[in-house]
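To find a chain, count down the sequence lines: A is the first, B the second, and so on, and within it residues start at 1.
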Number of protein chains: 2
Amino acid sequence: MQQSDSPRKRAVTMRDVAKLANVSQSTVSRVLSGADDGIPIGEETRQRVMEAVETLGYYPNLYAGSLRGQKTFMLAMMVADIANPFYHPMVRAVQDAARTHRYDVMIANTDHTREGEMAFVESVIRRPVDGIILVPYHLTEADIDRLLVRTGGAVATLGQHINHPQVDTVYGDDEHAILEAITWLIRERGHRRIGFIGVTGSFSVGARRRGAFLEALRQAGIPIYPELFEIGDWSSESGGHAMNVFLSLPKPPTAVFAINDLMAIGAMEAVQKTGRCVPDDVAVLGFDDIPPATWVRPRLTTIAQHPTEMGRVMANAVFERIFGKYSGPGRRFEVPCRLIVRESV
Amino acid sequence: MQQSDSPRKRAVTMRDVAKLANVSQSTVSRVLSGADDGIPIGEETRQRVMEAVETLGYYPNLYAGSLRGQKTFMLAMMVADIANPFYHPMVRAVQDAARTHRYDVMIANTDHTREGEMAFVESVIRRPVDGIILVPYHLTEADIDRLLVRTGGAVATLGQHINHPQVDTVYGDDEHAILEAITWLIRERGHRRIGFIGVTGSFSVGARRRGAFLEALRQAGIPIYPELFEIGDWSSESGGHAMNVFLSLPKPPTAVFAINDLMAIGAMEAVQKTGRCVPDDVAVLGFDDIPPATWVRPRLTTIAQHPTEMGRVMANAVFERIFGKYSGPGRRFEVPCRLIVRESV
DNA sequence: TTCCTTTATGCAATCGTATGCGGTAATTCG
DNA sequence: CGAATTACCGCATACGATTGCATAAAGGAA
């Protein structure tokens with residue numbers, strides 16, 4: 001085959017097309033945009049232009065439009081950790097929606113850090129996009145407002161705690177689900193020493209889930225043992241570490257709730273590594289219901305979220321605003337959670 | 001807090017900064033670019049400009065530079081399936097490298113389809129980027145050449161089968177690893193009826209791995225039983241289906257090799273669902289060594305690749321070309337694979 | 001003083017596309 | 001038959017930043 005030697009051939013522009021079709025560049029633009037701006041185009045001219053486009057292999061340069069402040073045909077998405085299966089269906093849903101509208105998606109990882117999230121914000125300010133989908137852990141409403149003002153894009157977020165008048169928000173009713181699940185753990189399964197693997201207080205999700213957990217204990221009249229609270233970083237490794245601390249206690253918990261499945265799985269591994277048994281020695285309850293939850297043995301009992309649905313809702317919300325189908329105040333969509341009882345409890 | 005009411009405040013441009021600092025827009029550009037183009041800038045002027053930048057909160061509009069054909073500060077990455085854990089470390093590695101250079105990454109899923117891959121190519125032609133990282137399954141060298149010519153970006157790919165004179169390629173020595181692993185399966189573990197879960201012939205990776213598998217059988221003098229070859233689509237579900245077919249055979253295989261871990265895990269699940277036992281009834285061998293491979297029970301014996309390393313190498317190769325540190329012919333980097341013996345065989 | 005550097009800054013073109021406005025020819029109407 | 005539409009198309013500008021070239025002031029040498 002013929003391979004390119006020239007370092008970079010100049011791109012085919014509208015002007016090239018115009019020259020070949022013997023029309024002006026504006027005419028080419030009008031033919032291609034299709035949008036009827038009141039100026040009609042002769043059928044024969046249209047043909048010539050389309051032919052020229054075909055023979056030259058013309059593709060529009062999207063940067064030009066972006067510069068002019070038109071549509072960018074680009075979405076930006078910020079997630080905490082692309083390696084966490086929980087986010088995959090969300091990313092997929094967003095990308096699928098994007099593809100149907102011929103949009104591209106820029107994805108950024110934040111590693112749950114504030115620096116990562118701020119970097120994303122600044123990146124989007126430098127390169128404004130039509131729609132922004134966020135899974136923020138640290139961003140304040142002021143940050144999000146800045147995003148909105150500086151980029152003019154439509155914004156949708158995941159997270160109970162986001163409450164911006166112009167941002168659509170999706171969230172699971174995790175508090176309710178946790179309250180029910182822990183209560184079930186206590187009443188039906190008879191556990192009274194329950195360990196909690198959470199995250200540092202800087203995550204409002206973590207704080208909320210911790211609150212729900214505490215509330216369940218309170219309602220059951222179970223005292224709080226500080227040694228039964230450990231901190232992880234959402235990863236399976238950190239779940240293992242936390243569990244190891246629990247197991248070295250003089251009186252380890254009989255059940256452990258981890259606020260995400262990755263940590264729960266790590267915790268289960270740690271239990272089994274000491275020769276102990278799940279759920280007989282220690283029961284484990286997770287949160288998210290990622291695919292590996294059904295792969296581990298025993299299968300993980302967990303609280304399911306619906307990330308596909310969440311992604312779909314966020315993408316829809318954003319596109320509705322992009323296409324002007326909705327322009328009112330920020331909407332809040334609640335997606336239910338539900339307990340999935342398997343074998344680890 | 002103060003929330004935005006204005007739909008879209010006009011962005012802060014260099015001209016605004018220039019006005020505030022009482023200099024021309026070109027001067028602002030020179031101060032900010034920092035690059036010494038032979039034209040010096042007075043220290044006092046520089047101060048004034050930086051101050052103005054600060055007070056106005058100026059951020060450059062990256063589209064302007066992109067339009068001028070300058071650097072775009074953007075990488076495009078194409079992967080088959082963001083939900084396959086195998087790709088995560090690769091994506092992460094690329095994104096980490098990108099971040100250190102202040103680059104953003106656009107990610108596209110292709111779902112292993114040719115349409116998806118073509119859509120990516122066209123998307124990148126419309127929006128050229130500095131660097132392109134591909135995990136191609138269907139793209140021909142002509143397609144990749146077009147990418148190169150039309151965008152002028154640096155290209156790195158994953159995959160033995162890509163052989164373009166200007167594209168850097170990373171690949172694992174999967175043939176060798178498979179040959180060894182299957183031989184081991186035969187000699188050390190005594191298996192002679194080995195099932196193969198592959199993919200359709202349109203994937204060259206699939207064909208190559210199938211070839212290595214056949215070669216191992218040939219070397220061991222084992223005949224080929226057509227009923228022991230099943231086709232999947234890389235997903236765990238498809239692995240389960242394939243295994244079900246095997247199990248319904250009058251004489252099922254005693255071992256099954258799946259060309260990726262996801263299918264292997266699905267296959268194991270299928271075995272266990274029928275009450276049978278892995279590895280005693282059916283041994284399962286996978287490929288990739290994704291994290292869930294150590295979470296399942298029995299733990300999956302598999303051939304490990306090094307996706308982090310692969311991503312790192314590709315990102316490096318691309319950035320070396322972007323920054324002009326390398327500009328020679330396409331390089332080929334081999335990353336070793338190795339058998340990880342666990343419990344499923 | 002005159003001429004020539006050196007230093008510091010501004011002007012203007014450019015990238016590719018969209019679009020308001022003006023222009024020309026053909027057609028219709030009174 | 002002259003005037004008013006209508007149908008069609010091109011000119012020129014704008015978007016925001018980079019950059020070659022011109023310009024202006026200051027300083028040094030002759």
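- Residue A/Met14 contributes atom CE, which lies 15 Å from atom C1' of D/dC15 at whole-angstrom precision.
- As a whole-Å value, the separation of B/Arg15 CZ from C/dG10 P is 13 Å.
- A salt bridge does not link A/Arg150 with A/Glu122: none of the charged nitrogens is closer than 4.0 Å to a carboxylate oxygen.
- Taking side-chain N and O atoms only, A/Thr13 has no distance below 4.0 Å to OP1 or OP2 of C/dG16.
- Aromatic ring pairs are classed by plane angle as parallel below 30°, tilted from 30° to 60° and perpendicular above 60°; the pair A/His101 and A/Phe323 is tilted.
- Classification of the B/Phe203-B/His112 ring pair by plane angle, with boundaries at 30° and 60°, yields perpendicular.
- If you take CD of A/Glu43 and P of D/dC8, they are 10 Å apart, rounded to a whole angstrom.
- Side-chain contact of B/Ser24 with B/Thr27: a donor-acceptor pair under 3.5 Å is present, judged by distance alone.
- One can place CZ of B/Arg126 at 15 Å from C1' of C/dG16, the figure rounded to the nearest angstrom.
- Nearest-nucleotide positions on DNA chain C place B/Ala64 closer to the 5' end than the other of B/Ala64 and A/Arg30.
- Counting non-hydrogen atoms under 4.0 angstrom, A/Ile41 reaches the backbone sugars and phosphates but no base.
- Between C/dT17 and B/Tyr63, no contact under 4.0 Å exists linking OP1 or OP2 to a side-chain N or O.
- Atom CZ in A/Arg127 sits about 14 Å away from atom P in D/dA17, given to the nearest Å.
- Whole-Å rounding puts the B/Arg46 CZ to C/dT7 P distance at 14 Å.
- Between A/Thr45 and D/dC9 there is a side-chain polar atom (N or O) within less than 4.0 angstrom of OP1 or OP2.
- Under 4.0 angstrom from either OP1 or OP2 of C/dA18 there lies at least one side-chain N or O belonging to A/Ser29.
- Between the side chain of B/Ser26 and the base of C/dC11 there is at least one donor-acceptor pair of N/O atoms closer than 3.5 Å.
- Across all strands shown, A/Gly65 has no heavy atoms under 4.0 Å from either base or sugar-phosphate atoms.
- You won't find any donor-acceptor pair under 3.5 Å spanning the side chain of A/Arg68 and the base of D/dG16, going by distance alone.
- As a whole-Å value, the separation of A/Glu44 CD from D/dC8 C1' is 12 Å.
- Between the side chain of A/Gln25 and the base of C/dA18, a donor-acceptor pair under 3.5 Å is found.
- Note on B/Val23: only backbone sugar-phosphate atoms sit closer than 4.0 angstrom, heavy atoms only; bases stay farther off.
- The CG atom of B/Leu67 sits 9 Å away from the P atom of C/dC15 (whole-angstrom rounding).
- Partner of B/Met90 under the side-chain contact (heavy atoms from CB on, under 4.5 Å) criterion, out of B/Val170, B/Thr308, B/Val313, B/Leu158: B/Leu158 alone.
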